[in-house]
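Worksheet for the structure shown next.
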Number of protein chains: 4
Amino acid sequence: MTPTADAPRSPGRPRSVRADEAIIEATLDLLAEGSTIEALSIEAIASRAGVGKATIYRRWPGKEELFVDLLRSVEPPDPVLPGTSARDDLVALLESLRQRGLAKRTSALLHNVFSQMQLYPKLWEAYHATVIEPRRRIGLDALRRGVAAGEIRADVDLELLNDLFVGPLLLRTVIRPGATLEPGLPEQVVDAVLDGVRPKG
Amino acid sequence: MTPTADAPRSPGRPRSVRADEAIIEATLDLLAEGSTIEALSIEAIASRAGVGKATIYRRWPGKEELFVDLLRSVEPPDPVLPGTSARDDLVALLESLRQRGLAKRTSALLHNVFSQMQLYPKLWEAYHATVIEPRRRIGLDALRRGVAAGEIRADVDLELLNDLFVGPLLLRTVIRPGATLEPGLPEQVVDAVLDGVRPKG
Amino acid sequence: MTPTADAPRSPGRPRSVRADEAIIEATLDLLAEGSTIEALSIEAIASRAGVGKATIYRRWPGKEELFVDLLRSVEPPDPVLPGTSARDDLVALLESLRQRGLAKRTSALLHNVFSQMQLYPKLWEAYHATVIEPRRRIGLDALRRGVAAGEIRADVDLELLNDLFVGPLLLRTVIRPGATLEPGLPEQVVDAVLDGVRPKG
Amino acid sequence: MTPTADAPRSPGRPRSVRADEAIIEATLDLLAEGSTIEALSIEAIASRAGVGKATIYRRWPGKEELFVDLLRSVEPPDPVLPGTSARDDLVALLESLRQRGLAKRTSALLHNVFSQMQLYPKLWEAYHATVIEPRRRIGLDALRRGVAAGEIRADVDLELLNDLFVGPLLLRTVIRPGATLEPGLPEQVVDAVLDGVRPKG
DNA sequence: TAATAATCGAGACGGTACGTCGCGTCTTCTG
DNA sequence: CAGAAGACGCGACGTACCGTCTCGATTATTA
């Protein structure tokens with residue numbers, strides 16, 4: 001993950017750890033001060049970090065890659081599912097989404113970067129591949145187990161079903177920031193989708 | 001809405017409607033050709049539109065404001081619901097969302113602009129108030145009629161239910177822009193949420 | 001000379017004399033405030049004069065032509081030569097040059113415009129044709145009369161001779177602006193060139 | 001003189017000498033092609049020189065300062081006088097003036113830049129001190145030797161006499177560009193001023 | 001211990017786009 | 001008609017960053 005991963009030890013002066021830290025620190029500082037990604041120039045980072053521009057480019061190909069590393073470092077770990085039932089797994093999954101949504105709202109940095117991420121294709125793709133997709137896969141696995149266990153109908157498109165569960169949370173977090181993310185939300189969503197909303201009988 | 005809204009008629013030559021259109025058209029063209037917003041320079045728009053840069057800056061303070069107007073200009077009109085049943089209404093509502101997602105241009109634009117807008121609270125609020133909220137209200141009304149008609153359980157949170165229907169479509173359009181939006185999707189979503197996904201019996 | 005010269009009286013609303021005056025006045029004001037010709041935009045003149053730009057362009061094709069009129073209005077009249085002798089005529093001619101040189105030094109406007117004139121070919125040519133050339137012709141005529149009267153050798157190139165007389169004055173006025181232009185200068189120059197500077201006998 | 005004068009060696013990549021030369025060369029080219037100074041944009045110079053605009057602005061604050069340096073760079077070296085006689089010295093001096101006037105580039109440049117310079121007193125003074133004054137001094141020395149050798153009357157104001165010799169050449173070069181600067185001109189001027197133009201006897 | 005080699009801060013390089021200003025022309029409405 | 005007002009397409013302004021490229025000066029490892 002970090003740019004100074006262990007290598008076969010090459011000759012010459014090694015990369016400065018102080019520079020690594022100074023770059024990261026300067027970037028976080030500038031983001032915390034409210035800079036947009038667009039306004040956050042490599043030149044500004046280098047200047048703030050007291051570092052040459054080339055020192056940054058030596059570590060990352062561009063702005064976006066730097067942010068990918070930055071984002072991954074603050075992303076919470078994948079949720080661990082209880083495995084007791086499909087319902088429990090789905091609730092746990094949505095709960096972790098909810099927690100992140102809450103964190104996102106409290107962390108200026110996260111909010112700042114998240115909302116701009118889609119403008120930077122490489123950044124978005126990297127985030128998609130390393131964060132969103134794995135988590136989607138976890139959800140699909142849980143659904144498959146649910147089908148196998150007879151908890152979920154076998155004739156439903158699981159991709160769609162997954163979106164059915166995740167959609168509302170993501171909508172409230174990303175599309176409609178400010179919406180409520182109250183504690184019971186995951187259960188509500190899961191039960192509504194599992195049971196349907198037609199009157200019984 | 002448009003920059004040349006009706007005014008008390010100021011002196012001097014009036015803004016050219018042809019220029020208005022040329023700018024909008026050029027921007028949509030460039031976006032449709034795959035330009036990201038950050039790669040979409042005012043200079044390129046002006047050149048493509050056959051218009052001076054100042055003519056653009058005379059209308060909008062910057063790129064962001066231009067995109068908000070653009071967004072509104074491509075926004076399809078509110079859907080007309082058949083009113084035959086809650087299911088039909090919801091399908092019609094989601095179908096209009098799907099159509100919007102399909103329009104390649106519109107989708108690229110939505111995808112690009114949505115996040116940017118969140119950085120400008122007032123602009124986001126304006127868009128929210130004039131586009132998102134009315135449509136949400138239409139959905140909520142349909143759901144209320146469904147409850148009254150006995151098609152939907154009375155004990156469900158309608159706000160949440162609305163998100164349940166809309167979430168998947170928005171997720172696929174905005175969050176996961178490459179995802180499929182096949183013709184039957186609205187029906188699938190509506191039926192899945194109405195019926196639930198537990199095995200029958 | 002003025003833009004509103006007498007004409008065959010055309011139909012429609014006549015040119016406003018107030019506008020004429022306002023334009024001239026505004027230009028002189030701006031020059032007096034120290035604006036360079038370059039910084040003196042038509043836009044600034046129009047704004048200062050409370051006049052539309054088209055009103056200026058209706059009178060003069062461009063900036064330079066406006067200045068030509070302005071310059072001519074402050075240029076002293078051609079000198080009247082006594083005609084008593086070639087020497088007297090030349091002294092009178094150079095005296096008028098000297099007077100203008102003195103005026104140029106005292107008038108910020110003249111100094112300002114003169115020193116920039118050469119940058120504006122049309123302005124310079126117009127000035128050359130209407131001011132410099134006629135005065136040169138007057139000098140040449142005086143020289144020819146001197147030759148005819150036997151005061152000046154017949155084998156001298158009169159064009160060159162004229163430059164010999166005028167050169168020093170122009171040099172001190174234009175090229176070396178701080179140089180002295182003391183009262184007796186014209187006589188000194190004329191006598192030196194007429195008599196030569198070799199020791200007598 | 002050049003913008004890259006010897007300095008205590010500052011950190012960072014040093015200014016490119018190739019860029020220096022390319023800028024100077026491009027400007028001279030454009031001037032030689034007949035561009036007026038006002039038509040000579042920094043953008044055109046940069047483009048012609050294959051250089052970024054910033055590279056020019058890094059060296060000179062603006063157009064004016066660039067031209068001063070240019071002027072000095074094309075200024076021919078001070079003439080070497082034969083010393084055989086005052087007449088020979090003066091002819092040599094004027095010949096060097098004539099040569100300078102003939103160089104098409106230099107002439108165009110001189111004509112264009114001279115006046116501009118007068119608007120910037122310090123720049124003018126610098127040019128005066130380093131170019132004009134030394135050359136004037138050379139002329140004055142030659143005249144003094146002429147007086148000492150009995151070639152020139154002792155009662156003439158040498159300052160004025162110098163202007164008498166130099167004036168015509170400068171007039172034709174700077175004030176009346178396009179005038180003839182034929183080969184024999186220096187001799188003609190020197191002889192005319194030395195001998196006077198009154199009929200002999 | 002010396003040579004070698006990759007690093008460091010610094011800053012110049014050729015570019016692209018920025019947002020502004022003025023050009024000279026062209027509408028619009030008002031006198 | 002001419003007036004002012006001001007928008008139009010155009011092109012240059014001077015600035016900010018881009019990502020790359022020298023510089024002289026440090027550090028390490030290898031010989």
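The model shown is predicted, which means the values in this text are computed figures rather than measured ones. The figures here come from the full heavy-atom set of this structure, side chains too, leaving out hydrogens, waters and symmetry mates. Proteins get letters first, then strands, A, B, ... in listed order; numbering begins at 1 in each.
- If you measure from atom CD of Glu21(D) to atom C1' of dC13(E), you get 16 Å, rounded to the nearest angstrom.
- Remark: Ser47(B) pairs with no residue by the side chain to side chain donor-acceptor pair (under 3.5 Å) rule, at least two apart or across chains.
- Side-chain to base pairing of Arg13(A) with dT26(F): one donor and one acceptor N or O lie within less than 3.5 Å of each other.
- Closest non-hydrogen pair, Lys63(C) versus Leu40(C), comes out as CD-O, 3.6 Å.
- Two residues are said to be in side-chain contact when any heavy atoms from C-beta on lie closer than 4.5 Å; Leu66(B) and Ile45(B) meet this criterion.
- Taking atom CG on Leu30(D) and atom P on dA12(F), their separation rounds to 12 Å, with Å as the unit.
- Residues Arg15(C) and Arg58(C) form a side-chain contact, since some pair of their non-hydrogen atoms from C-beta on lies under 4.5 Å apart.
- When the nearest nucleotides of DNA chain E are assigned to Pro11(B) and Gly50(D) by heavy-atom distance, the more 5′-ward of the two goes with Gly50(D).
- Of the residues Asp29(D), Leu30(D), Ile23(D), Ile24(D), the one that meets the side-chain contact (heavy atoms from CB on, under 4.5 Å) test with Thr27(D) is Ile23(D).
- Phosphate contact (OP1/OP2 of dT22(F), side-chain N/O of Ser16(D), threshold under 4.0 Å): absent.
- Going from atom CD1 of Ile56(B) over to atom P of dG9(F) covers 9 Å, rounded to whole Å.
- Going from atom CG of Asp20(D) over to atom P of dG14(E) covers 10 Å, rounded to whole Å.
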Per-nucleotide protein contact along nucleotides 17-24 of chain E, 5' to 3', at a 4.0 Å heavy-atom cut-off (B base, S sugar-phosphate only, - neither), is BBBB-BBB
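- For the pair Leu66(D) CG and dG14(F) C1', the interatomic distance rounds to 15 Å; values are reported in whole Å.
- With rounding to whole Å, Arg59(B) atom CZ is found 12 Å from dG6(F) atom C1'.
- The residue among Pro14(D) and Ala19(A) whose nearest nucleotide of DNA chain E lies closer to the 5′ end is Ala19(A).
- Spacing between atom CZ of Arg15(B) and atom P of dA5(F) amounts to 17 Å, rounded to whole angstrom units.
- Note on Thr55(B): a side-chain N or O is less than 4.0 Å away from OP1 or OP2 of dC8(F).
- As a whole-Å value, the separation of Ile45(B) CD1 from dT16(E) P is 18 Å.
- Taking the side chain as every heavy atom from C-beta outward, Leu70(D) and Leu31(D) approach each other to under 4.5 Å.
- Looking at Arg48(A) and Glu33(A), their side chains come closer than 4.5 Å, going by heavy atoms from C-beta outward.
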